[in-house]
Undergrad: 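Please read through the structure below; I'll follow up with questions.
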Amino acid sequence: MDLPRIITIREGSHRIHNPLTAGKLAALGRAVRPAPGTRVLDLASGSGELLCTWARDHGITGTGVDISTVFTGRARARAAELGVADRVEFVHGDASGHVADEPVGLASCVGATWIGGGVAGTVELLARSLAPGGLMLIGEPYWRREVPDQETARASHADRKEDFLLLPELIERFGSLGYDVVEMVLADQDSWDRYQAAQWLNMRRWLDRNPDDELAAGIRAELAAGPGRYTRYQREYLGWGVFALMRR
């Protein structure tokens, strides 16, 4: 049980595995203002930057669950680096279906709603761990503007146009599930660039070290086509944000 190697190669230098910069992650923490001692469950926690920095900056405690052995190891190392290993723990496991042993004050899935089969399923999954009056964080893509055709959608990393909603429609979707949107922090083009462009350098350096690896030809093709596809399509059409929700 692990992530495909290609993901850990692309994001080998990333501490945050989505288009949030460190500054935006800190801004999200200031926006939602978790009280010291708040217990957090972070599903698909990646390299643990949310839990580790919020434990340092806001005094939260918590558990992260992620399917990647590489990212889980980095999360544990980050907790030790920031001196918060006594407040946060990281579990290697499948976040799909994971429910906390005791209700938590904040439950999050930032950028991996596939674990619940989409937004609705992930909201339902997180709700199973959330204490009454608790806060939920969902990270999710949306279309910045109308997508003209399925080719553009696929080039923007969607299987089809219908996979994502426009931002107002996404906000309304949360409402239809019975939640108020109480805060949001959106990626901008710079944070998208930092997330995507860093992958190109990661792949190039990996190729230089591993020219004969079985993945080398595929990564070479991705590096050749990816920057053009990103700047032509994804950068123009795909948005992303973290949305703070509370049950009505």
Undergrad: Yes or no on side-chain contact (heavy atoms from CB on, under 4.5 Å) for Leu177 and Val119, after CA distance, side-chain angles and deciding distance?
TA: CA-CA 10 Å; Leu177 296 172; Val119 169; 4.1 Å; yes

Undergrad: Check whether any side-chain N or O of Arg74 sits under 3.5 Å from a backbone N or O of Gly12 as a donor-acceptor pair, and report yes or no.
TA: yes

Undergrad: When you compare the side chain of Leu238 with that of Phe164, does any pair of heavy atoms fall below 4.5 Å?
TA: yes

Undergrad: If you look at every heavy atom in Asp159 and Arg154, which pair is closest and at what distance?
TA: O-CG, 3.5 Å

Undergrad: Run the side-chain contact (heavy atoms from CB on, under 4.5 Å) check on Val91 and Thr72 step by step: do they pass?
TA: CA-CA 7 Å; Val91 177; Thr72 301; over 6 Å; no

Undergrad: Less than 4.5 Å apart, side chain to side chain, heavy atoms only: is that true for Thr8 and Ser68?
TA: yes

Undergrad: With side chains defined as the heavy atoms from C-beta onward, is the minimum distance between Glu222 and Arg10 less than 4.5 Å?
TA: yes

Undergrad: Rounded to the nearest 0.5 Å, what separates atom OG1 in Thr231 from atom CH2 in Trp192?
TA: 13.5 Å

Undergrad: Can you give each donor-acceptor pair under 3.5 Å made by side-chain atoms of residues 239-248, sequence neighbours left out, with the distance rounded to 0.1 Å?
TA:
unit_1, atom_1, unit_2, atom_2, d
Arg247, NH2, Tyr179, OH, 3.2
Arg248, NE, Asp180, OD1, 2.8
Arg248, NH1, Gly175, O, 3.2

Undergrad: Can you confirm whether Arg204 is buried at CZ, in the sense that more than 12 heavy atoms of other residues, nucleotides or ligands lie under 6.0 Å from that atom?
TA: no

Undergrad: Got a donor-acceptor contact below 3.5 angstrom from the Thr113 side chain to the Gly118 backbone?
TA: no

Undergrad: Taking everything shown except Arg145 itself, do over 12 heavy atoms lie less than 6.0 Å from its CZ?
TA: yes

Undergrad: Can you tell me if Asp2 and Thr69 form a side-chain donor-acceptor pair at under 3.5 Å?
TA: yes

Undergrad: Quick one: do Arg229 and Glu236 make a salt bridge, cutoff under 4.0 Å?
TA: no

Undergrad: Mind checking the CD1-CG spacing from Ile6 to Leu215? Nearest 0.5 Å is all I need.
TA: 6.0 Å

Undergrad: Closest approach of Ala95 and Ala44, non-hydrogen atoms and distance?
TA: CB-N, 3.7 Å

Undergrad: Are Met203 and Tyr195 in one and the same hydrophobic cluster, where Ile, Leu, Val, Met, Phe, Trp and Tyr link if side-chain heavy atoms are under 4.5 Å apart?
TA: yes

Undergrad: Evaluate Leu43 against Leu125 for side-chain contact (heavy atoms from CB on, under 4.5 Å), listing each step before the verdict.
TA: CA-CA 10 Å; Leu43 298 184; Leu125 172 61; 3.8 Å; yes

Undergrad: Heavy atoms, side chains only, cut-off 4.5 Å: are Thr21 and Asp188 in contact?
TA: no

Undergrad: May I have the step-by-step check of side chain to side chain donor-acceptor pair (under 3.5 Å) for Ser108 and Asp42, ending in yes or no?
TA: CA-CA 5 Å; Ser108 64; Asp42 189 19; 2.7 Å; yes

Undergrad: On a heavy-atom basis, which atom in Val84 and which in Cys52 lie closest, and how many Å separate them?
TA: CG2-O, 3.9 Å

Undergrad: For a quick test of reading the model, state the closest non-hydrogen atom pair linking Leu41 to Ser129 and the distance between them.
TA: CD2-OG, 3.4 Å

Undergrad: Please determine whether a side-chain nitrogen of the Lys or Arg among Arg78 and Glu81 lies less than 4.0 Å from a carboxylate oxygen of the Asp or Glu.
TA: yes

Undergrad: In Å and rounded to the nearest 0.5 Å, what is the NE2 to NE2 distance from His17 to His14?
TA: 8.0 Å

Undergrad: Work out which heavy atom in Leu166 is nearest to a heavy atom in Arg144; give both atom names and the distance.
TA: CD2-C, 4.3 Å

Undergrad: Quick check: closest heavy atoms across Ile9 and Asn202, and the distance to 0.1 Å?
TA: O-CB, 3.5 Å

Undergrad: Measure the shortest side-chain to side-chain distance between Glu169 and Trp143 over non-hydrogen atoms and say whether it is less than 4.5 angstrom.
TA: no

Undergrad: May I ask you to say whether Lys161 pairs ionically with Glu146, meaning some side-chain N is under 4.0 Å from a carboxylate O?
TA: no

Undergrad: State, with a plain yes or no, whether a side-chain heavy atom of Leu165 is found less than 4.5 Å away from one of Tyr142.
TA: no

Undergrad: Please check if atom CG in Asp86 has more than 12 non-hydrogen atoms from other residues, nucleotides or ligands closer than 6.0 Å.
TA: yes

Undergrad: Answer yes if Met184 and Val110 sit in the same cluster of Ile, Leu, Val, Met, Phe, Trp and Tyr residues linked by side chain heavy atoms under 4.5 Å apart, and no otherwise.
TA: no

Undergrad: Can you tell me how far OG1 of Thr152 sits from CD of Gln234, rounded to the nearest 0.5 angstrom?
TA: 12.5 Å

Undergrad: Could you tell me if the side chain of Arg39 sits less than 4.5 Å from the side chain of Ile60, heavy atoms only?
TA: no

Undergrad: Applying side-chain contact (heavy atoms from CB on, under 4.5 Å), run through Tyr230 and Trp200 and close with a yes or a no.
TA: CA-CA 11 Å; Tyr230 167 69; Trp200 310 334; 3.7 Å; yes

Undergrad: Taking Val104 as the starting point, is it possible to reach Val182 by hopping between hydrophobic residues whose side chains are less than 4.5 Å apart?
TA: no

Undergrad: When hydrophobic residues are tied together by side-chain contacts of less than 4.5 Å, even through go-betweens, does Leu20 share a cluster with Met136?
TA: no

Undergrad: Do side-chain atoms of Ser96 reach the backbone of Ile115 as a donor and acceptor pair under 3.5 angstrom?
TA: yes

Undergrad: So, does Thr38 use its side chain to make a donor-acceptor pair with the main chain of Pro34 at under 3.5 Å?
TA: no

Undergrad: Salt bridge check: are Asp163 and Arg160 linked by an N-O gap of less than 4.0 Å?
TA: yes

Undergrad: To the nearest 0.5 Å, tell me how far Leu28 CG sits from Leu50 CG.
TA: 6.5 Å

Undergrad: Tell me, do Arg194 and Lys24 make a side-chain contact under 4.5 Å, heavy atoms counted?
TA: no

Undergrad: Can you check whether Val65's main-chain N or O pairs, donor with acceptor, with His92's side chain at less than 3.5 Å?
TA: no

Undergrad: Is there a salt bridge (Lys or Arg N to Asp or Glu O under 4.0 Å) between Asp57 and Arg30? Walk through the geometry before answering.
TA: CA-CA 9 Å; Asp57 298 340; Arg30 293 191 298 270; over 6 Å; no

Undergrad: Check whether more than 12 heavy atoms from other residues, nucleotides or ligands sit under 6.0 Å from atom CG of Asp149, and answer yes or no.
TA: yes

Undergrad: Let me check something: do Leu167 and Tyr237 share a hydrophobic cluster, defined by ILVMFWY side-chain heavy atoms less than 4.5 Å apart, either directly or through other members?
TA: no

Undergrad: How far does CZ of Arg232 sit from OG of Ser156, to the nearest 0.5 angstrom?
TA: 12.0 Å

